[in-house]
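This report refers to the structure that appears directly beneath it.
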Amino acid sequence: MLDPKNIRVRYAPSPTGFLHIGGARSALFNYLFAKKNKGQFIIRIEDTDIERNVEGGEVSQIRDLKWLGIIPDESPLEPNPRYAPYRQMERLNTYQQYAQQLLKQGHAYECYCSEEELERSREEQLARGIAAPQYNRRCLHLSKEEKNNFVAQGRKPVIRIKLEDHLTIAFEDMVRGPVSFNNDDIGDWVLIKSNGIPTYNFAVVIDDYSMDITHVFRGEEHLSNTPKQIQIYRYLKFPMPQFGHMTIIVNENGKKLSKRDASIIQFMSQYRDMGYLPEAIFNFILLLGWSPEGTQEIFTKDQAIAAFDAKRLSSSPSMFDPQKMNWLNNFYLKQLSDDAYWNFIAPFINKAPGVELLSEASVKQLAKTFKDQLAYGIQILDLVKPILEPTFNFDDEAKALLQSQDGQKALALFIQKLSQLQEIQGPNIKEIFKAIQSETGLKGKPLFMPVRLKLTGQLHGAELANIIPILGKDLTLKRLKA
RNA sequence: GGCCCGUUGGAGAAGCGGCUUAACUCACCACCCUUUCACGGUGGCAUUCAUGGGUUCGAAUCCCAUACGGGUCACCA
């Protein structure tokens, strides 16, 4: 029996791939809804497409979800005995049992049509001008003899549902409001495939019922599946959960993000590998298709749970904006303590070519220098390159500065003063520049740029007073004299 | 094509009949800070809510039509 006071929701991925943005978002909103209502969030694995399942799909999905902070109360790895098992391929008996019941009640029938026959019928209908061809019910009233004939031919039947004709199926969608479909636009679809495995639309109903799921938030692509499922609920007299269909996330062309879409990085593991913080991704997808009541944009997990309200889920599609994602990640990065930041950035910066020239303390300093502008972890490699492994391709402006009398004078004086310095520290470097300025009257670009150019090959970059102590006296002088 | 859903600035969006000549955030632009870059700060950026009708004293907000976009029509989920 459904207990309306105990909210149970689920995220039900098929292990045909790794966790991507769309999946993470479905999971997130289900999770928030559960936690907001003190209910349970469940992960169920829909692995009935045995052809497309991939190795490690299930494990990585659960791992990546947990990384994001989306922690299941129940999953194949942490089952509640009352509801286990959590993989559909382990629940085959249950589906079979209900399919037999439907068969007995006359709400389903065996169909022996071959793929070719189905295809032919489809083409015929198309030729007759029927826009949405559907199953022609050829096998609806098969005699025992006809069945035996098919079996003798070695055909294996599927089980199809017998839809109630002319039935309008209406429901209240938690995101979209009232929605209705007519059964006449749907054909008798397959419940159990000829290999004995249920189709998605059948298995979800049985599972959502068996697992006492009360609310279903899923992607818009399932909206037109819902009437099919509701028909099963009616036949089996199961209490229905509430449905809410969230919009899809689209790419910059306005199309649904497909797994093959190269324009946007969409797998969680890729974001993790690139150095995005789980909190930032959590926060980012939270705001994709949902908005809070006020103007708050930064949400911790607990704040998100407290603020979450399914009524504020958007019904128009949203585009994934990598720029805002970067902004958010940078925001969270800046919040990190120095220690936490170092723990985060070390694996990235330690891969930078040339890093071996520096002591760990210097590398730490170097990383810190870029903390405020870093969008994501591996970006540190680009930022650090001019310092650790500069290339010297000077443009005209740079050449002019280096060759000018003022520039050469400033550079020479800098080298001289730096050589005499005992301890290289930021304030000392600043003092040297000040001294040169008062001795020569030079300022601005001619004063600073020659040193910067010889040191990093760039006209832009982090403050010299920060960089030079990191590189140390020897390395600095070597580059300046080169 | 049938069915279903959607349409507020470059992006995410608030707005739910008068308080709106439309919040907030990202991006963009300008200025300030600054040797430069970045960070930070200040300001600018939709007289208009896809279009056309209607309802109303009054509409982005309600209704209808059109256009455009998307989802779905499998023995995939």
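Below, chain A is the first sequence line, B the second, and so on; all start at residue 1.
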Would A:Phe448 pass as stacked on B:U35, i.e. its ring centre under 5.5 Å from the base's six-membered ring centre and planes under 30° apart?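 One would call A:Phe448 stacked on the B:U35 base.
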Just checking [X]: base, sugar-phosphate only, or nothing, at a heavy-atom cut-off of under 4.0 Å?
X	answer
A:Glu463	base
A:Val190	sugar-phosphate
A:Leu223	sugar-phosphate
A:Gly289	sugar-phosphate
A:Thr247	nothing
A:Ser318	sugar-phosphate
A:Glu46	sugar-phosphate
A:Leu464	base
A:His245	nothing
A:Asn195	nothing

[N] - base-pair partner by Watson-Crick or wobble geometry, distances under 3.5 Å:
N	answer
B:G2	B:U72
B:U66	B:A50
B:C19	none
B:C24	B:G12
B:G43	B:C29
B:U34	none

Roughly, in whole Å, what's the span from [atom1] in [X] to [atom2] in [N]?
X	N	atom1	atom2	value
A:His222	B:C73	NE2	P	10 Å
A:Leu167	B:C3	CG	P	17 Å
A:Gln437	B:U34	CD	P	13 Å
A:Ile285	B:C26	CD1	P	20 Å
A:Ile186	B:C3	CD1	P	13 Å
A:Met246	B:G71	CE	P	16 Å
A:Gln323	B:C26	CD	P	12 Å

Parallel, tilted or perpendicular: ring planes of [X] versus [Y], cut at 30 and 60 degrees:
X	Y	answer
A:Phe243	A:Phe171	perpendicular
A:Phe344	A:Phe348	tilted
A:Phe433	A:Phe448	tilted
A:Phe267	A:Phe18	perpendicular

Looking at B:U25, does its base get a donor-acceptor pair with the side chain of A:Lys324 below 3.5 Å?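 It does, because a donor-acceptor pair links the side chain of A:Lys324 to the base of B:U25 below 3.5 Å.
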Has the side chain of A:Asp321 got a donor or acceptor atom sitting under 3.5 Å from an opposite partner on the base of B:A27?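 It does not, because no donor-acceptor pair links the side chain of A:Asp321 to the base of B:A27 below 3.5 Å.
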For nucleotides [N] and [M], find the distance between their [atom1] atoms and express it as a whole number of Å.
N	M	atom1	result
B:U72	B:G9	C1'	31 Å
B:C62	B:G15	C1'	15 Å
B:G41	B:A46	C1'	26 Å
B:U21	B:G58	C1'	15 Å
B:G12	B:U36	C1'	33 Å
B:G1	B:U66	P	13 Å
B:G43	B:C37	C1'	23 Å
B:C45	B:C31	C1'	15 Å

If you check every side-chain atom of [X], which of [options] has the closest atom?
X	options	value
A:Val179	B:U7, B:C5, B:C26	B:C5
A:Gln373	B:C39, B:A77, B:G12	B:C39
A:Met319	B:G12, B:U35, B:C75	B:G12
A:Ala132	B:G2, B:C75, B:G12	B:G2
A:Lys193	B:U35, B:G12, B:C75	B:C75
A:Arg160	B:C4, B:A77, B:C75	B:C75
A:Thr199	B:U25, B:G6, B:A77	B:A77
A:Glu220	B:A77, B:G71, B:G2	B:G71
A:Glu297	B:G12, B:U36, B:A77	B:G12
A:Ser194	B:C75, B:G6, B:U72	B:C75

Tell me which pairs pass ring-ring contact (aromatic ring centres under 6.0 Å, His included) where either residue lies in residues 112-140 of chain A, with sequence neighbours left out.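 Listed by first then second residue: A:Tyr112-A:Phe150.
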Determine, step by step, whether A:His222 and A:Tyr200 satisfy the ring pair (Phe, Tyr, Trp, His ring centres under 6.0 Å) criterion, reporting the C-alpha distance in whole Å, the side-chain angles of both residues, the deciding distance to 0.1 Å, and the verdict. CA-CA 11 Å; A:His222 290 296; A:Tyr200 160 77; 5.1 Å; yes
Under 4.0 Å from OP1 or OP2 of [N]: is there any side-chain N or O of [X] that close?
X	N	answer
A:Lys334	B:A38	no
A:Arg176	B:G6	no
A:Thr295	B:A14	no
A:Ser315	B:C5	no
A:Arg218	B:G71	no

Will you find, in the side chains of A:Asp207 and A:Tyr95, an N or O donor that is under 3.5 Å from an N or O acceptor?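 Judged by distance alone, the side chains do pair up.
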Go through the side-chain N and O atoms of A:Gln403 and A:Gln408 and say whether any donor and acceptor fall under 3.5 Å apart.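 No, no side-chain donor-acceptor contact under 3.5 Å.
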Main-chain N/O of A:Ile43 paired with A:Arg10 side-chain donor or acceptor, under 3.5 Å: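 Judged by distance alone, no pair lies under 3.5 Å.
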Please lay out, stage by stage, how A:Asp338 and A:Lys371 fare under the test salt bridge (charged side-chain N to carboxylate O under 4.0 Å, His left out). CA-CA 9 Å; A:Asp338 283 352; A:Lys371 184 178 172 189; 3.4 Å; yes
Nearest-nucleotide comparison on RNA chain B, the residue closer to the 5′ end among A:Asp47 and A:Gly129: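 The residue closer to the strand's 5' end, by nearest nucleotide, is A:Gly129.
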